[in-house]
Amino acid sequence: MMQADGRYCIGRLQKMKKMNKSDSKIILAIESSCDETAASVVRNGREVLSNVISTQIEIHTLYGGVVPEIASRKHIENINPVIRQALKDADITFDDIDAIGVTYGPGLVGALLVGVAEAKALAFALDRPLVGVHHIEGHISANYIENKELEPPFVCLVVSGGHTHLVLVNDYGEYDVIGRTRDDAAGEAFDKVARAIGLGYPGGPKIDKLAKEGNPEAIEFPRAAIAGAEYDFSFSGLKSSVLNYINSCEMKGIQYNRADIAASFQKAVVDVLVSHSMKALKNTGWNKFAIAGGVASNSAVRKAFTDICKKEKIDFYYPSPVYCTDNAAMIGAAAYYEFIKGITHGYDLNAVPNLKLGERI
Ligand code: KG4
Ligand code: ZN
């Protein structure tokens, strides 16, 4: 391949020889299910060669949350530059890619469609296989990137802005969802409580920070349990309880302490996440546990699980914060394990906004 710069050309050829070993598979992955436009190049499911994320937080902050129509438009503007940057950072070209991975659900339909259309166009133009990935499967697979020794089976708690799932990861691509939220997702509760105490969007990281200055025992907020569904979650009662607390303070003219609210709310969420997850580990007898999703980067969540897993002699895995929130490297990791099983999609792949984990369409 002709390059303007001869030195670069030799370097690239050497790199190509290394990559073309039969056991080496390069996936270009695309993620656009919500408000991040992301592309990543991942080798063999675990080695991230590039990870580019273009966040739309600034524009959605103006509206206090994600505006779907704006998200779709921004994805269209950003997707090509983001993919070009991912290839550049990985020092490869389209020729070097073995397959295209893309999130096709769940998520905002217009946002998903941008990534899916882009991935289909690339797969067709480059004549490469197309692998549709479930967004939650991506979050779970983020754990493979930095924990090279992690293999299924393990229990995984997925806590993000849109989902709270307790999952048995039986094998690569094989899942049983044993618990889920009945109402708000954990991240959604963080965002709503943050808004109520004037912290703005996205609230999770802001509550995390403010909670460090507060007393987690100051206010007794409820820990919801659901009769007959020991692994299911509910956070809307907790959110209402925080709002009621604020209202009643305001009505009585009492000055409330925002840091105490943040710390006590966070503790209530953490307690429920820990108790449900530990129950699942005890009942399965498995000794490997992972967390995933945006809320998995919460410092109190990480500390609580680090402590209890140490005490219970359970191996605990968690991704770095950049792989907890939405990114395409996690999609590349998940796509690789589908690809090597021979699971690929046709050009009729569509966005599926309510795709269930473990379901393949
Ligand atoms: O996984 P993610 O990027 O998007 C979804 O798939 O939903 O998660 C975003 C969510 C937001 O609700 C955000 O507030 C929350 O993750 N989050 C956090 C933290 N960082 C992000 N929640 C609590 N503590 C954090 N440090
Ligand atoms: Zn996500």
Side-chain angles (χ1 to χ4, degrees), residues 29 31-42 45-58 60-61 66 82 85-86 89 103 107 133 135-150 154 156-165 167 185-191 193-194 199-213 262-263 265-267 269-270 273-274 277 289-309 315-334:
E31 155 65 41
S32 70
S33 65
C34 191
D35 59 345
E36 326 278 357
T37 320
S40 172
V41 177
V42 180
R46 304 224 177 201
E47 190 186 346
V48 177
L49 303 185
S50 66
N51 185 32
V52 180
I53 304 167
S54 167
T55 180
Q56 305 176 4
I57 282 179
E58 215 172 294
H60 296 293
T61 300
V66 177
V82 163
Q85 190 63 45
D89 290 357
T103 308
V133 171
H135 183 74
I136 299 294
E137 176 167 21
H139 275 302
I140 294 170
S141 305
N143 279 286
Y144 299 135
I145 296 169
E146 294 158 299
N147 302 299
K148 308 293 182 207
E149 75 286 9
L150 176 62
F154 58 91
C156 188
L157 173 72
V158 185
V159 269
S160 71
H163 310 273
T164 305
H165 280 23
V167 183
E188 203 178 342
F190 269 94
D191 294 338
V193 166
L199 294 177
Y201 171 85
K206 290 176 179 156
I207 294 225
D208 193 350
K209 193 163 168 234
L210 184 62
K212 291 188 168 65
E213 296 160 26
F265 158 77
Q266 184 171 269
K267 177 79 167 51
V269 175
V270 169
L273 298 179
V274 168
S277 305
F289 176 65
I291 55 173
V295 182
S297 60
N298 179 274
S299 59
V301 169
R302 288 160 105 92
K303 168 131 190 9
F305 279 119
T306 302
D307 292 349
I308 190 132
C309 288
D315 294 333
F316 174 46
Y317 302 90
Y318 51 90
S320 291
V322 69
Y323 297 129
C324 285
T325 43
D326 288 351
N327 66 90
M330 67 185 198
I331 303 303

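Note that this is a predicted model, so its numbers are computed, not measured.
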J.: Could you state the interatomic distance from OG1 (Thr164) to CD (Glu188), rounded to the nearest 0.5 Å?
T.: 8.5 Å
J.: Identify the heavy atoms of Ala185 and Gly161 that sit nearest to each other, and give their distance.
T.: CB-O, 3.5 Å
J.: Measure the CG-CG distance between Asp89 and Leu49 for me, rounded to the nearest 0.5 Å.
T.: 10.5 Å
J.: Is there side-chain contact between Val193 and Gln266, with at least one heavy-atom pair below 4.5 Å?
T.: no
J.: So which atom in Arg46 and which in Glu149 form the shortest heavy-atom distance, rounded to 0.1 Å?
T.: NH1-N, 4.4 Å
J.: Does NZ belonging to Lys209 count more than 12 external heavy atoms closer than 6.0 Å?
T.: no
J.: Measure from the side-chain N and O atoms of Ser40 to the backbone N and O of Ser50, and report whether any donor-acceptor pair falls under 3.5 Å.
T.: yes
J.: Hey, what do you get for CD (Glu137) to CD1 (Ile331), rounding to the nearest 0.5 Å?
T.: 8.5 Å
J.: For Glu58, which residues count as a side-chain contact (heavy atoms from CB on, under 4.5 Å) partner, sequence neighbours excluded?
T.: none
J.: For the residue pair Glu31 and Ser33, confirm or rule out a side-chain donor-acceptor distance under 3.5 Å.
T.: yes
J.: Taking all atoms of both residues into account, what is the closest heavy-atom pair of Asn143 and Asn147, and its distance?
T.: O-ND2, 2.9 Å
J.: Quick one: CZ on Phe190 to CG on Asp208, what's the gap to the nearest 0.5 Å?
T.: 7.0 Å
J.: Of all the heavy-atom pairs spanning Ser297 and Cys324, show the shortest one and how long it is.
T.: N-SG, 3.8 Å
J.: For Tyr318, which residues count as a ring pair (Phe, Tyr, Trp, His ring centres under 6.0 Å) partner, sequence neighbours excluded?
T.: Phe316
J.: Looking only at non-hydrogen atoms, find the nearest pair between Ser160 and His139 and report the distance.
T.: CB-NE2, 4.5 Å
J.: If we ignore angles and hydrogens, is there a donor and acceptor under 3.5 Å between the side chains of Glu146 and Ser320?
T.: yes
J.: Please give me the minimum heavy-atom distance between Met330 and Ala142, naming the atom from each residue.
T.: CB-CB, 3.8 Å
J.: Quick one: does Gln85's side chain get under 4.5 Å of Ser54's, heavy atoms only?
T.: no
J.: Quick one: pull up CD in Gln56 and OG1 in Thr37 and give me the separation to the nearest 0.5 Å.
T.: 5.0 Å
J.: Using the rule given for side chain to side chain contact (heavy atoms under 4.5 Å, CB included), can you reason through Ile53 versus Val322, listing the C-alpha separation, both sets of side-chain angles and the distance that settles it, and then say yes or no?
T.: CA-CA 9 Å; Ile53 304 167; Val322 69; 4.1 Å; yes
J.: With rounding to the nearest 0.5 angstrom, report the CG to OG1 distance, Asn327 to Thr55.
T.: 12.0 Å
J.: Do Phe305 and Val270 have side chains that get closer than 4.5 Å, going by heavy atoms?
T.: no
J.: Tell me, please, which residues at least two apart from Tyr144 pass ring pair (Phe, Tyr, Trp, His ring centres under 6.0 Å).
T.: Tyr172, Tyr337
